[in-house]
Amino acid sequence: MNLAHVGIVMGSDSDLPIMVRAAAMLDRFQIPYEVRILSAHRSPDAALDYARNAAGRGLKVIIAGAGGAAHLAGVLAAVTTLPVIGVPIRTAALGGVDSLYAMVQMPRGIPVATVAIDGAANAAILAAQILAVHNDALRERLAAYKQELAQEVAVKDARLAQLGIEGYLGEEKK
C-alpha cells in the first residue's frame with residue numbers, strides 16, 4: 001500500500017521549480033506525498049492509469065500542475081473521484097492565463113479546484129485542509145500555520161509604525 005496521501009503531478013519537468021513549492025508545504029504539514037511527471041498530451045495512457053488507480057493506492061488528493069494547454073488536471077479529474085487541485089503554470093506566451101483558463105473552464109461534472117498561477121503552495125495548503133477534515137492533528141498544524149501568518153503581519157505592521165514609510169522601504173532594499 002502506498003503511504004502517500006497526496007499525489008503531485010506535473011506535465012513537464014519544466015514545471016518542477018513551481019511544483020516543488022507544493023512538496024515543501026506538504027513537508028511542513030507532515031503529509032506524505034509522491035511526485036510524478038505525466039503529460040495529458042504526450043503520455044495520456046500513463047496519466048489516465050495514474051488517476052484511475054490513485055484512490056486504490058491510498059491517495060486522497062491530487063495536485064496537478066501544467067502550463068499552456070493545461071489539460072492535465074481535467075484529464076485526471078475525469079477518471080477519478082478524488083479531489084483534484086489544479087496549479088496553472090506561468091507561460092512565456094500568455095503569462096499563464098492560458099493555463100488558468102484551461103483549468104477553471106471545466107465542464108459540469110468534472111470539477112477542478114484551481115489556485116492562482118504558480119500557486120503550488122496554496123494547492124498544498126488546500127490539500128491539507130481537505131485532509132484535515134478527518135485529522136485533528138493536521139487541523140492543529142494548519143491553525144498554527146495561520147497564526148504564524150498573522151504574527152508575520154503584526155511584526156511588519158509594528159515595524160512600519162516604528163520606521164514610517166520611507167524608513168520601511170529603505171530597510172526593505174537592504
Side-chain angles (χ1 to χ4, degrees), residues 4-29 31 33-55 59-133 142 145-146 148-150 152-153 156-157 165 168-169 172-173:
H5 293 163
V6 177
I8 299 174
V9 184
M10 64 206 82
S12 170
D13 63 342
S14 64
D15 302 329
L16 190 55
I18 299 300
M19 298 307 289
V20 72
R21 298 172 190 169
M25 193 59 70
L26 292 172
D27 283 337
R28 178 186 184 120
F29 293 121
I31 298 171
Y33 60 89
E34 63 185 25
V35 181
R36 298 287 306 274
I37 298 171
L38 299 166
S39 172
H41 302 111
R42 294 179 296 272
S43 62
D45 292 336
L48 290 169
D49 183 61
Y50 178 84
R52 284 185 180 121
N53 295 302
L59 292 183
K60 309 284 187 241
V61 181
I62 297 172
I63 298 172
H71 298 126
L72 182 60
V75 165
L76 300 178
V79 296
T80 186
T81 58
L82 295 179
V84 176
I85 304 168
V87 179
I89 305 292
R90 185 173 310 281
T91 57
L94 297 172
V97 173
D98 47 344
S99 313
L100 176 66
Y101 285 165
M103 289 184 191
V104 298
Q105 289 300 117
M106 294 301 299
R108 182 180 52 80
I110 314 296
V112 172
T114 306
V115 296
I117 296 167
D118 292 348
N122 268 354
I125 294 167
L126 180 56
Q129 290 174 324
I130 291 168
L131 295 171
V133 168
L142 281 161
Y145 173 72
K146 300 248 178 174
E148 287 174 31
L149 294 176
E152 287 174 13
V153 172
K156 290 176 183 181
D157 183 49
I165 294 172
Y168 190 91
L169 291 175
E172 290 289 308
K173 293 177 185 176

Minimum-distance pair of heavy atoms, taken over all atoms of [X] and [Y]:
X: Pro17; Y: Ser14; value: CD-O, 3.3 Å
X: Tyr33; Y: Ala4; value: C-CB, 3.6 Å
X: Ala123; Y: Val87; value: CB-CG2, 3.6 Å
X: Ala113; Y: Leu126; value: CB-CD2, 4.1 Å
X: Leu142; Y: Ala132; value: CD1-CB, 3.6 Å
X: Gly65; Y: Asp15; value: O-OD2, 3.7 Å

Rounded to the nearest 0.5 Å, how far apart are [atom1] of [X] and [atom2] of [Y]?
X: Ile165; Y: Tyr168; atom1: CD1; atom2: OH; result: 11.5 Å
X: Arg21; Y: Ile63; atom1: CZ; atom2: CD1; result: 13.5 Å
X: Ile130; Y: Lys60; atom1: CD1; atom2: NZ; result: 13.0 Å
X: Arg52; Y: Leu82; atom1: CZ; atom2: CG; result: 13.5 Å
X: Gln105; Y: Leu100; atom1: CD; atom2: CG; result: 9.0 Å
X: Leu38; Y: Ser12; atom1: CG; atom2: OG; result: 11.5 Å

Looking only at atom types and distance, does a side-chain atom of Arg42 sit under 3.5 Å from a main-chain N or O of Gly11, one as donor and one as acceptor?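 A pair under 3.5 Å: yes.
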Flag the pair [X] / [Y] as yes when at least one side-chain heavy-atom distance between them is below 4.5 Å, and no otherwise.
X: Pro88; Y: Thr114; value: yes
X: Lys156; Y: Val153; value: no
X: Ile8; Y: Leu26; value: yes
X: Val75; Y: Pro44; value: no

Pick from Ile62, Val61, Val6: which one makes a side-chain contact (heavy atoms from CB on, under 4.5 Å) with Ile85?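 Filter result, single survivor: Val61.
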Begin from the C-alpha positions of Ser99 and Thr91 and carry the test side-chain contact (heavy atoms from CB on, under 4.5 Å) through to its verdict. CA-CA 8 Å; Ser99 313; Thr91 57; 3.7 Å; yes
Quick one: side-chain contact (heavy atoms from CB on, under 4.5 Å) partners of Asn122, sequence neighbours excluded?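 With neighbours one apart ignored, the set is Val115, Ile125.
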For Ala77, side-chain contact (heavy atoms from CB on, under 4.5 Å) partners two or more places apart: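 Per chain and number, Ala77 pairs via side-chain contact (heavy atoms from CB on, under 4.5 Å) with Val84, Ile110, Val112.
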What do you reckon, is CG of Leu149 surrounded by more than 12 foreign heavy atoms closer than 6.0 Å?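 Atom CG in Leu149 is packed in, count exceeds 12.
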Who pairs with [X] by side-chain hydrogen bond (donor to acceptor under 3.5 Å, both in side chains), at least two apart in sequence or on another chain?
X: Glu148; result: Arg28
X: His71; result: His41
X: Thr80; result: none

Salt bridge (charged side-chain N to carboxylate O under 4.0 Å, His left out) against Arg90, all qualifying residues, sequence neighbours excluded: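 Only Asp118 meet the salt bridge (charged side-chain N to carboxylate O under 4.0 Å, His left out) criterion with Arg90.
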side-chain contact (heavy atoms from CB on, under 4.5 Å) between His5 and Leu131, worked out: CA-CA 8 Å; His5 293 163; Leu131 295 171; 4.2 Å; yes
Run the side-chain contact (heavy atoms from CB on, under 4.5 Å) check on Met25 and Ile31 step by step: do they pass? CA-CA 9 Å; Met25 193 59 70; Ile31 298 171; over 6 Å; no
